[in-house]
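For this chain, numbers begin at 1 and follow the sequence in order. Source: prediction; values computed, not measured.
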Amino acid sequence: MDIPVMRCLAERQGDVLVLTMDYPARRNALAMPLRKQLEDALEAASDDGTRAVVLTGAGGHFCSGGDISGMDVKGPYDGRERMRRTHRLINLMAFGNLPIVAAVEGFCVGAGLSMACIADTIVAAETAKLGAGFGKIGLMADLGLPHTLPHRVGPAKARQILLYHKQYTAAEAAAMDLVDEVVPEGQALAVALERAHFLAKQAPAAMALTRQMLATGLHEALETERHFQASLFTTQDFHEGRAAFLGKRQPVFKGL
């Protein structure tokens, strides 16, 4: 049986590290092994002279969300452990010393949107599609998105994005400050590299401490998220949402 490709590609371009999520079978869905590879790459980058990071996806997409096929959570402990492991990556991205630029092509939804919103700058191709959609499978937004999204677009707009599952074009996202720059299709990585090389030339300590100040409150938000999401993993509605997604049908939620 063929084993699907699931990897994080790391390529140095001067003092900028390009990390590419490559999981073509699921449009770069953020499976747990891929999260661990991203974490390992960022940990290594903090000690190898890297000054900035570009995060992107292979195959014309940024990230299609969490890998729902792998969300086989057995109980509340499994859910809490899953969130603890994931939060190691989010804390490293948010509180680490390296500025991060997201280069978004194609789908950037669910956990993909969470990852983009942790970045300092989001460069999106004009054909990109962005959205949350966690509620479609009976979960709440995670990976820090309930904290980072309101900081980007304001609480009122964040509420609409999180509750209604709409996917937004890059132009719509830019109009609400969900993305910072819109570029022609296929150019997101090149422009993101330009932004990252600029950030790499800034004073590292000032850059790091500025980022940490801007992330104030995220630790507390992640701890709350960990408890809430772990509880949702145990609900019948989540199992119905997951089964409906995998079966390509509409879920029937019963509040259980």
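In terms of hydrophobic clustering, with Ile, Leu, Val, Met, Phe, Trp and Tyr side chains grouped at heavy-atom distances under 4.5 Å, F233 and L246 are assigned to a common cluster. V179 and M115 fall within the same hydrophobic cluster, defined by Ile, Leu, Val, Met, Phe, Trp and Tyr side-chain heavy atoms under 4.5 Å apart, directly or through other members. A continuous path of hydrophobic side-chain contacts links L149 to L222 [ILVMFWY only; heavy atoms under 4.5 Å]. In this structure, M83 is a member of the same hydrophobic cluster as L139, with clusters built from ILVMFWY side-chain heavy atoms closer than 4.5 Å. The hydrophobic clustering, which links ILVMFWY residues whose side-chain heavy atoms are closer than 4.5 Å, places V53 and L38 together.
A heavy-atom distance below 4.5 Å is found between the side chains of L42 and L19. Taking 4.5 Å as the limit, some side-chain heavy atom of V54 sits within range of a side-chain heavy atom of V16. Between V109 and L130 the shortest side-chain heavy-atom distance does not fall below 4.5 Å. At least one side-chain heavy atom of M32 sits under 4.5 Å from a side-chain heavy atom of T86. Here the side chains of V101 and L55 are not in contact, with every heavy-atom distance at 4.5 Å or above. Under the 4.5 Å side-chain criterion, counting only non-hydrogen atoms from C-beta, R7 is not in contact with L34.
The CG atom of L178 sits 5.5 Å away from atom CD1 of I161, with the distance rounded to the nearest 0.5 Å. Here the SG-CG distance, from C63 to N28, works out to 6.5 Å after rounding to the nearest 0.5 Å. The distance from the OG1 atom of T148 to the CG atom of L113 is 7.5 Å, given to the nearest 0.5 Å.
Residues in residues 4-37 take part in no ring pair (Phe, Tyr, Trp, His ring centres under 6.0 Å) pair, two or more places apart or across chains. The ring pair (Phe, Tyr, Trp, His ring centres under 6.0 Å) analysis of residues 117-156, with sequence neighbours excluded, yields the pairs H147-H151. Under the ring pair (Phe, Tyr, Trp, His ring centres under 6.0 Å) criterion, no residue pair touches residues 159-197, with sequence neighbours excluded. Listed by first and then second residue, the ring pair (Phe, Tyr, Trp, His ring centres under 6.0 Å) pairs that reach into residues 47-81 are H61-F107, sequence neighbours excluded.
Paired with C8 under the rule side-chain contact (heavy atoms from CB on, under 4.5 Å), one option of K36, Q37, R35, M21 passes, and it is Q37. H87 pairs with exactly one of E225, H219, R82, E223 by the side chain to side chain donor-acceptor pair (under 3.5 Å) rule, that one being E225.
Atom CZ of F245 is surrounded by 12 or fewer heavy atoms from other residues, nucleotides or ligands within 6.0 Å. More than 12 heavy-atom neighbours from other residues, nucleotides or ligands sit within 6.0 angstrom of CZ on R88. Shown here is E172, whose CD atom has more than 12 heavy atoms of other residues, nucleotides or ligands within 6.0 Å.
Take R27 and apply the salt bridge (Lys or Arg N to Asp or Glu O under 4.0 Å) test, not counting sequence neighbours, and it matches no residue. Under the side chain to side chain donor-acceptor pair (under 3.5 Å) criterion, Q229 pairs with D142, sequence neighbours left out.
The closest side-chain donor-acceptor pair between S69 and D67 falls under 3.5 angstrom. No donor-acceptor contact under 3.5 angstrom links the side chains of T121 and R195, judged on distance only. No side-chain N or O of T235 forms a donor-acceptor pair with one of D237 less than 3.5 Å apart.
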